Amino acid sequence: MTAALKLTKLKKDFPVGKSLFGPPRAVVHAVQPVTLEVAKGETLGIVGESGCGKSTLARMLVGLLPATKGTIEIEGAALDNADPAAFGKKIQYVFQDPISSLNPRKTIRQIMDAPLKHLHGMAAPERRKRIAEIFAAVNLREEFLDRYPHEFSGGQAQRIGIARALAAEARILILDEPVSALDVSVQAQVLNLLADLKAEFGLTYLFITHDLAVVEAVSDRIAVLYFGALVELGPAERIFSAPRHPYTKLLAESAPVVGRDLKAPEGRETELPDPLNPPPGCSFAARCPFASDQCRAEVPELIDQGDGVSVACFHPLEA
Amino acid sequence: MMAFLKLLARNQLALAGLIVMGLVVLLAVLTPILPLADPDVTNTPARFTPPFSEGALLGTDHLGRDLLSRLMWGTRLSLAVGFAAAFIAATIGAAIGIISGYYGGRTDNIIMRFVDVLMAFPYILLALAIVAALGPGLMNALIAVAAVNIPFFARNIRGITVGIAHKEFVDAARLAGLSDAKIILTEILPNVLPVIVIAMSTTVGWMILETAGLSFLGLGSQPPQADLGSMLGEARSALITNPHTSLVPGVMILIIVMAINLLGDGVRDALDPRLKSGALSRPLPATLVARDRQPGETADGTALLQLSQLETQFHIGPRIYRAVGGVDLQIQPGECLGLIGESGSGKSVTALSIMGLVASPPGKITGGSVYYRGEELVGAPYELLRSLRGRKVAYIFQDPLASLHPLYTVGDQLIEAVRVHRNVPKAEARAHAIELLKSVRIPNAEDRVDNYPHEMSGGMRQRVGIAMALANDPDVIIADEPTTALDVTVQAQILTLLDDLRRDRGVVILFITHDFGVVAQLCDRVAVMYAGRIVEQGTTDEILASPAHPYTRRLMACVPELGGGRRRLEAIPGLPPVVDKLPAGCAFADRCDKVRAACREGNITLDEIGATRRVRCIAPEIEEVPA
C-alpha cells in the first residue's frame, strides 16, 4: 500500500538579510532534513514548541512554501502544484486562526463556493446541494451561509474552515493547531467532529499542535520536533509515558498535570539555541543532562529502535 | 450606509465639508442648464466691470467676459479634471501597489525602487517635465498630475497588500484552486478597496490644486477655455488694479480644497473600525463608578483583598454587557487563588476592576466593593489608586510583548517602575533593576538589562513582566493568564518562579487561567466563573476531586489530560451566553444535562455546601462536603 504522505529528507532554509543582488547574509535552517511516512487513514500528530518548524513543515506539504531540498510524495506521486485545481483535490489545510482564515468581505456561501467551483467545476445548483451536505456533516445550520465571518464565534468559524477543507474532497487534511485558538469546551466539540469526519470519509490527518494532551488524545503516532529536527517518532500511547529522547521526557514532565507537584523539570535559565548560529552537534545538547562530547560534535540520526519507536539520540533513554 | 453617514456627521467639520462640496458639485453639474452668459464671448468695452454690477454679478475680466459664467464653467472643468486625475492615479497606483505587494520579493523590489526614483523628483518639476514632453493642453496636464500621484497610491496600497497577502484566507483561496489573478481580484481587492477610497478622498483636493497650478503656468487649459487655474493666471497681471478678477477663482479654489480635505478626513475617521468601538477616545485614568445601590457587606478583617458583590458593565450603544455580575472573593495573606473560566466569562474584567483599570468609557463599575486591607477601592480618589497600583497591587499580563514598551530597554522600564513610587537616584534604581532581573532568574542580568523587549524570547519577556510586577515589593500580584502564550517547558519555569516568590516573599497571587492543570499545581483555592458570576468556589483539592457544579465537572471532563490515551472527549454542547442577553436563572441551563424548570427562574444563589465550598446550583453534583 502506498503511503498517503511520504517525505524524504525534506528541508527548508530561510535566507536572512536578503539583498537585491548577491547572497543572503545568513541562513536559518527552519526544517532540518525530515524523513517521514503517513499511512492512509492514519492520524499523525506533530508536536513541538513555538519555533520548532512545525508550521513551516505543514506549509511545505500543501505547497504554500517551496522546499529547499528533499521530496514530498502525496499518494505515491511527487508533489506538483503546477495545476492548483488538481492539487487542491489531494490535500487540504485547516488553519490555526479560524477567523483570519476566512475573508472578512465574503459571505460564507462565497467562501464555500470557491473550492467547489475552482476544484470541481460544479454548477450553482450542484454546489448548493453539496454545501448542504457538507454543512450537515459539520453540524452547521444552512442559514449561516449568507452571513459574514465576523458574525461567528471561534468554534463556528473553525467548523466553517473544516467544511471548506472537506468541500475540496481531499483525502489528506493538514490540521495546523486547529483547536488552540478555541475555548476548552468548544475545543472538545471540534476534536470530536474531526474524529467523526475521519471515520465517515476515511481521511488521513496530519495534526500539528503544541498541546501534548490534545495530540495524545487524537493521534495514532506522534512525531516530536525540536529546533527543526525530528527527534522522536512513535506510537501515541507510548511516546509521553515512556519517552526515549531526553527532550520528549522534558516535554512530558513540563505539562501541567492535576495531581503532580510543581517542579521545574530543568534548569530555570535555559533557552532555545540561536537559530542564526546553531550549535554544531545535537541542538538539544545544551539543555540535555546526558549530553556527551559526541552530542556536542555530531548530529544524531533518527534510528529505529526496533519496537516502532525511532529516536535521534546517541544516548536514548530506556523504555 | 446610514451608520457611516451618522459617524461622518459626528465630525461637524466633515459634515460642513460634505454640504459645501455637495453644493459645489451640484452647481457644476447644473452649469449647462443655468441661464449664464457665454463664458468665452469677449466684450472689450466692458472689461474689468466690478462685481455686483448690472448684468455681471461677479464683474468681468480683462477681455470683458462674464466672471460668474467663467467661474461656473471653470469649476466644472477643474473638478472634472481633479476627479479624473485622482481616479486614474488611484487605479494605476493601486494596480502597481497590489501587484508589488502580492508577489513580493524581486518583483516588489524592482517596482518599488522605480517608484522611489519617481518620488525623489519634486512634484511640480516632474509634472512640468511631463507636460514639456507631451506639449501643453488640459488633457496632458491631467496625465501629468495623475502620473505624478501614482507613486503615492502605489506605496500606500502596497503596504496594505503586503499585510493582506500573508493572511491565512489568501492561502486558503490558493488551496481552493484559485489562480493568482483570481486571488488578487476576489480576495485582495475587496479588502484594499476602502483604503483606496480613503486615499482618493484625501488627495482629490491636492490634484485639483496641482491642475490649477499647471493651468496657472499656462500649461493646462488653453485660452479661451476657462478653468480655475487659467483664470487665476490670466488675472495675475491685473492683481493690483482689479483684484476681484483673481479673488473670484482664488476663493473658489480655497472653498473646494478646504471642503474636500475636511470631508476626506471625516471619511477616513468614519471608516476606521476603531472609531466605532470608541477606542479612539482616550480612556479615563480610572474606571467610572456608578453604583446605584449601596455597597454590600463591609470589609472582613482578615482578608488582604476582598471583592464584595462586584459588578462591572460595558455600555456600548443601547447594549449593556454585564461582564461581571456580582462577584465575591476573599484572598487571605499568603494565599494563591485561582480564577478559572473560559473566554468571555469575566475573569479578566474582574481582575482589572480591582484597581479601576477597566477602560472607561465604555466600562463602568456599577455595584459592589473592593477592599484592600479593609480600605474601599471602588470610588476611591484617583491619587489613592495610583499610589497603590504597582506598589501594593501589581499585574502580570498574558502577552509580555504587548505590555512592554518596544522603544525602551527593559532596564529603563524597570527603573521607571521603581522611581514612580520611590524617589531614589537613577544609579540605585538601576542596581535594583538588575537585582530584580536576577530574582526572576534571567541569566547575565547585567547585560540583559540593556536589551530591548524584541531581543528577548517570550519566556524571558514574561520574566521581565514579573520583575516589573515585583519592582515595588507588592502584597498582591494579579496574574492574568501569564503562561498561556508560552510553551510548556517555559510555562513550567514561570510557574515554579511564581510559586517560589509566593513562598519566599509571602506575595498573594490571584491567578487567572483556563487550565485546570496549572491551577492544580499552583493554587490553594479555586473560583470557577461562568457568564460573569462565580459558580463554584473551594479549595483546589476539593474541587478537582469532586466538582459540585455541573459546569465545573463538564469543563474538567472536556479537557484532555496527558496520559489518558486516545479517546473521545466529553464536549459541552452549545456556546456560553453573550453577557448582554443573559437568561433568567442559571446561565448554564441551556448547556446543562441536568436542567429542570426551576433552573430558569429567579436568581440562583451561591450557597455554602461545606466549610470552604460554595456552589451556585440548585442540584449540585454533591449535596454536602463531609467535614
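Every chain is numbered from 1 and lettered A, B, ... according to where its sequence line falls, protein lines coming before strand lines. Not measured: the values here are computed from a predicted model.
- With a 4.5 angstrom heavy-atom cutoff, A:L119 touches chain B via backbone and side-chain atoms both.
- Looking at A:D220, both its backbone and its side chain come within 4.5 Å of chain B, counting heavy atoms on both sides.
- For chain B, the nearby parts of A:V184 are the backbone and the side chain; heavy atoms of each come within less than 4.5 Å.
- Contacts between B:D515 and chain A at a heavy-atom distance below 4.5 Å involve the side chain alone, from C-beta outward.
- Comparing B:K182, B:M556, B:K167, B:H514 by how many heavy-atom pairs each has under 4.5 Å with chain A, the most go to B:K182.
- Proximity to chain A is limited to the side chain of B:A520, based on heavy atoms less than 4.5 angstrom apart.
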Next item on the list: Evaluate the criterion side chain to side chain contact (heavy atoms under 4.5 Å, CB included) for residue pair A:R59 and B:D171; output intermediate values, then yes/no.
Entry: CA-CA 10 Å; A:R59 292 171 61 83; B:D171 288 339; 2.8 Å; yes
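- The candidate from A:G88, A:S241, A:A236, A:S219 with the greatest count of non-hydrogen atom pairs under 4.5 Å with chain B is A:S219.
- Both the backbone and the side chain of A:A255 have a heavy atom closer than 4.5 Å to some heavy atom of chain B.
- At most 12 heavy atoms of other shown residues, nucleotides or ligands fall within 6.0 angstrom of atom CD in B:E570.
- In terms of heavy-atom proximity, A:A213 sits nearest to B:P560 at CB-O, 3.3 Å.
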Note to self: Could you walk me through whether A:H210 and B:V488 satisfy the side chain to side chain contact (heavy atoms under 4.5 Å, CB included) test, starting with their C-alpha distance in whole Å, then the side-chain angles of each, then the deciding distance to 0.1 Å, before giving a yes or no?
What the structure shows: CA-CA 8 Å; A:H210 66 273; B:V488 274; 5.9 Å; no
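- Residue B:R554: no heavy atom, backbone or side chain, is found under 4.5 Å from chain A.
- One finds the CD atom of B:E561 at 12.5 Å from the CG atom of A:L212 (value rounded to the nearest 0.5 Å).
- Within residues 148-163 of chain A, the residues having any heavy atom under 4.5 Å from a heavy atom of chain B are, by residue number, A:S153, A:Q156.
- The shortest non-hydrogen separation linking B:T489 to A:R287 is OG1-NH2, 3.5 Å.
- Within the 4.5 Å cutoff, the side chain of A:K106 has no heavy atoms near those of the B:P190 side chain.
- Contacts of B:P573 with chain A are made by backbone atoms alone, with heavy-atom separations under 4.5 Å and no side-chain atom involved.
- Heavy-atom distances place no part of B:T483 under 4.5 Å from chain A, backbone and side chain included.
- Heavy atoms of B:L544 lying under 4.5 Å from chain A belong exclusively to its side chain.
- A:E49 approaches B:D487 most closely through the heavy-atom pair OE2-CB, 2.8 Å.
- Against chain B, the residues from residues 95-104 of chain A that qualify, each with a non-hydrogen atom under 4.5 angstrom away, are A:F95, A:Q96, A:D97, A:S100, A:S101, A:L102, A:N103, A:P104 in number order.
- The shortest heavy-atom contact between A:T43 and B:R566 is OG1-NH2, 4.3 Å.
- Using modelled atom types, no side-chain atom of B:N191 and backbone atom of A:R105 make a donor-acceptor pair closer than 3.5 Å.
- At least one donor-acceptor pair closer than 3.5 Å links the side chain of A:Q189 to the backbone N or O of B:G574.
- Contacts between B:L555 and chain A at a heavy-atom distance below 4.5 Å involve the side chain alone, from C-beta outward.
- Interface remark: A:E216 contributes backbone and side-chain atoms alike to the contact with chain B (heavy atom separation under 4.5 Å).
- Interface remark: B:Q491 contributes side-chain atoms only to the contact with chain A (heavy atom separation under 4.5 Å).
- Taking both residues in full, the closest heavy atoms of B:G177 and A:H118 are given as O-CB, 3.8 Å, listed atom of the first, atom of the second, then distance.
- In plain terms, the two heavy atoms of B:E342 and A:S185 that are nearest each other are OE1-OG, 2.6 Å.
- Annotation: maximal heavy-atom pairing with chain B below 4.5 Å, among A:D196, A:D211, A:V186, A:L251, occurs at A:D196.
- Only the side chain of A:F240 comes within contact range of chain B, with heavy atoms under 4.5 Å apart.
- The contact between B:V559 and chain A is made entirely by side chain atoms (from C-beta outward), counting heavy-atom distances below 4.5 Å.
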